[in-house]
Amino acid sequence: MMTRVDPALADEAVRAEGPQAVVIGAGLGGLAAAMRLGAKGYRVTVVDKLDVPGGRGSAIWQDGHRFDLGPTIVTVPQIFRELWKTCGRDFDQDVNLVPMDPFYEIVFPDGERFKAQQNTDGMRAEVARLSPGDLAGYDKFLEDSEKRYWFGFEQLGRKPMHKWEDLIKVLHIFGMLRADKSVYAHAASRVQDERLRMALSFHPLFIGGDPFNVTSMYILVSYLEKEFGVHYAMGGVAAIAKAMAEVIEWQGGTLLMNTEVDEITVEKGKRSYKTTGVRLASGEEIKADVVVSNADAGFTYNTLLRNVRRWRWSDKKLEKSRWSMGLFVWYFGTKGTRDMWKDVGHHTVLNGPRYQGLVKDIFFHQDKLADDMSLYIHRPTVTDPSAAPEGDDTFYALSPVPNLHTDDPVDWAANGERYRQMVQDFMEEKLLPGLGDKVSTSMFYTPEDFRDRYLSPYGAGFSLEPRIFQSANFRPHNISEEVDGLYMVGAGTHPGAGLPSVITSAEVIGKVVPDATPAKAG
Ligand SMILES: Cc1cc2nc3c(=O)[nH]c(=O)nc-3n(C[C@H](O)[C@H](O)[C@H](O)COP(=O)(O)OP(=O)(O)OC[C@H]3O[C@@H](n4cnc5c(N)ncnc54)[C@H](O)[C@@H]3O)c2cc1C
């Protein structure tokens with residue numbers, strides 16, 4: 001990849017002809033926004049403090065193992081294909097996306113397993129095996145899910161939501177679909193078996209939401225998984241990020257890595273402020289007509305716009321908002337294990353003894369770590385042997401934990417290694433016998449790493465929690481209400497976290513940013 005890494009090149013980007021756009025952050029949302037702006041005729045400069053593009057979707061190599069740091073499950077692949085098409089390119093030429101079958105396996109505390117899959121008969125057979133009486137309720141749940149997909153994802157998610165009238169027009173549909181109910185409450189109204197209730201309701205945890213409190217609109221995930229499949233990008237999501245960076249450079253854009261933005265610069269406009277570009281931590285300025293921030297929305301408002309008077313997202317409002325949970329992620333390699341643990345697939349959810357109680361502890365008792373845990377376990381080597389040296393395995397185990405949004409947060413410097421050992425012991429007992437003797441390389445991220453690496457407020461794994469009053473018009477808008485020429489993309493903005501949402505937030509950017517007009521481009 002030709003990603004440029006020299007901050008001095010900022011100067012070259014400024015001198016290039018045509019309307020200038022700066023994108024702060026090369027997360028998947030930022031890269032997608034840059035591609036959209038490139039397609040609209042802007043000269044785009046993407047600036048990121050990390051050394052590689054991808055943000056949470058980047059990877060780190062250690063001792064021959066590729067650790068995909070964050071997202072592993074790719075859903076709704078057509079939104080990537082549409083993005084590439086907008087740029088005059090073919091996604092499938094650049095990225096090798098493979099379908100997963102089964103999607104993932106859920107292991108319950110009683111040892112029972114549930115294989116989520118695309119095949120309807122196979123999925124119904126799994127439901128019937130666990131709880132035959134719940135089959136009719138499951139069928140109904142899928143119908144409910146489809147309705148919420150068409151409304152929540154297609155109608156709301158892919159459109160700008162910064163005007164009250166856009167929200168008011170659809171309020172009655174929220175009412176009809178009982179968006180006030182939680183995901184869990186909806187699942188519980190359709191099926192009786194607690195294991196099935198978990199299997200149908202845990203998805204919000206993948207975007208930072210508490211299933212017992214986030215709106216039941218998020219049951220739409222069951223439909224989109226079933227309809228469009230669950231996929232894996234060969235080379236990890238980092239391969240998608242790399243392909244996006246290459247499209248941006250092919251469009252004539254520039255990526256400045258290892259470069260932190262200190263402030264979004266503004267001048268006073270007629271009604272409000274107008275952006276003039278960004279100032280880097282080095283003190284250099286990049287002038288721009290349009291700035292898109294893919295930095296966390298909270299960080300954008302309280303740090304990058306610290307000198308702007310903000311009427312909507314004040315420091316106080318951000319402080320009072322609900323933030324998604326933190327994540328503890330243990331990345332590890334194991335030696336000579338490719339033929340071991342044959343019943344452990346690419347994606348496993350390993351449940352501990354409690355569901356509701358554990359979720360409550362994570363979201364409401366932030367000053368302590370629970371003694372039990374539930375894990376999502378990623379074993380990419382099942383699909384993609386290139387993630388490890390031959391015969392070895394690469395894994396990560398993700399445990400949702402409290403974020404740092406409390407007066408007395410967990411001290412991870414003191415507790416990190418102890419917690420890692422707990423994760424290892426739990427997996428060794430329930431899933432990977434003999435694990436301790438096989439670990440050959442290891443590293444872990446705590447909420448403190450999320451705070452420091454991604455500048456994520458309170459070390460939250462997924463920015464603002466997707467509660468109903470922090471969604472759609474109530475979430476940070478894609479078009480800034482404080483500063484003309486400033487736009488926002490990514491997990492903390494409408495429509496929310498997760499790859500499909502951050503890619504569609506860039507689609508919204510494509511709709512609200514004016515085209516780079518030929519007159520200006522002269
Ligand atoms: C462990 C984990 C697992 C996940 N699994 C899945 C999954 O399987 N499927 C799925 O769909 N989603 C998953 N997600 C969610 C998904 O990864 C995220 O919602 C999404 O990648 C966020 O993208 P983003 O565009 O908001 O930017 P981010 O990835 O958050 O990137 C923002 C970028 O901005 C940069 N930045 C911030 N401030 C500055 C600054 N001042 N100057 C310069 N650069 C700056 C950061 O360095 C970073 O690179 C997962 C997330 C995590 C953490």
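Read the numbers this way: they start at 1 and go in the same order the structure lists the ligands and their atoms. Heavy atoms only: backbone and side chains are in, while hydrogens, waters and symmetry mates are out.
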Name the closest protein heavy atom to [atom], giving the residue it belongs to and the distance to 0.1 Å.
{"atom": "atom 47 (O) of ligand 1", "value": "Asp48 OD1, 2.8 Å"}
{"atom": "atom 6 (C) of ligand 1", "value": "Pro71 CA, 3.3 Å"}
{"atom": "atom 23 (O) of ligand 1", "value": "Val502 CG1, 3.8 Å"}
{"atom": "atom 31 (O) of ligand 1", "value": "Gly27 CA, 3.3 Å"}
{"atom": "atom 2 (C) of ligand 1", "value": "Gly70 CA, 3.5 Å"}
{"atom": "atom 42 (N) of ligand 1", "value": "Val261 N, 2.9 Å"}
{"atom": "atom 50 (C) of ligand 1", "value": "Phe462 CE2, 3.7 Å"}
{"atom": "atom 19 (O) of ligand 1", "value": "Gly498 N, 2.8 Å"}

Working to the nearest 0.5 angstrom, can you tell me the gap between Arg148 CZ and Leu224 CG? 14.0 Å

Distance, nearest 0.5 Å, that separates CG of Leu156 from CE of Met217: 6.0 Å

Considering the heavy atoms of [X], write down every atom of ligand 1 situated less than 4.0 Å from one of them.
{"X": "Phe299", "result": "41 (N)"}
{"X": "Thr72", "result": "7 (C), 8 (O)"}
{"X": "Ala491", "result": "19 (O), 26 (O)"}
{"X": "Pro500", "result": "11 (O)"}
{"X": "Phe450", "result": "53 (C)"}
{"X": "Leu28", "result": "25 (O)"}
{"X": "Gly55", "result": "29 (O), 31 (O), 48 (C), 49 (O)"}
{"X": "Gly25", "result": "33 (C), 34 (O), 35 (C)"}

Pair Asp315 + Arg306: basic N to acidic O under 4.0 Å: no

For ligand 1, which is the ligand I care about here, please tell me if [X] has any N or O atom under 3.5 Å from one of the ligand's N or O atoms.
{"X": "Leu327", "answer": "no"}
{"X": "Asn294", "answer": "yes"}
{"X": "Ile73", "answer": "yes"}

Are [X] and [Y] side-chain neighbours, meaning at least one heavy-atom pair lies under 4.5 Å?
{"X": "Ser386", "Y": "Arg66", "value": "yes"}
{"X": "Pro402", "Y": "Leu369", "value": "yes"}
{"X": "Met244", "Y": "Trp84", "value": "yes"}
{"X": "Phe103", "Y": "Glu225", "value": "yes"}

Would you please indicate if the ring centroids of [X] and [Y] are separated by under 6.0 Å?
{"X": "Tyr232", "Y": "His346", "value": "yes"}
{"X": "Phe444", "Y": "Phe328", "value": "yes"}
{"X": "His494", "Y": "His477", "value": "no"}
{"X": "Trp412", "Y": "Tyr419", "value": "yes"}

Taking heavy atoms and a distance under 4.0 Å, where does [X] meet ligand 1: side chain, backbone, both or neither?
{"X": "Val237", "result": "neither"}
{"X": "Tyr396", "result": "side chain"}
{"X": "Leu69", "result": "backbone"}
{"X": "Val47", "result": "backbone"}

Heavy-atom count check: over 12 atoms from other residues, nucleotides or ligands less than 6.0 Å from Lys274 NZ? yes

Any chance CZ of Arg309 has more than 12 other-residue heavy atoms, nucleotides or ligands included, within less than 6.0 Å? no

Picking from Tyr376, Tyr445, Phe332, what satisfies ring pair (Phe, Tyr, Trp, His ring centres under 6.0 Å) with Tyr396? Tyr376

So for Thr303, does at least one of its heavy atoms come nearer than 4.0 angstrom to any atom of ligand 1? no

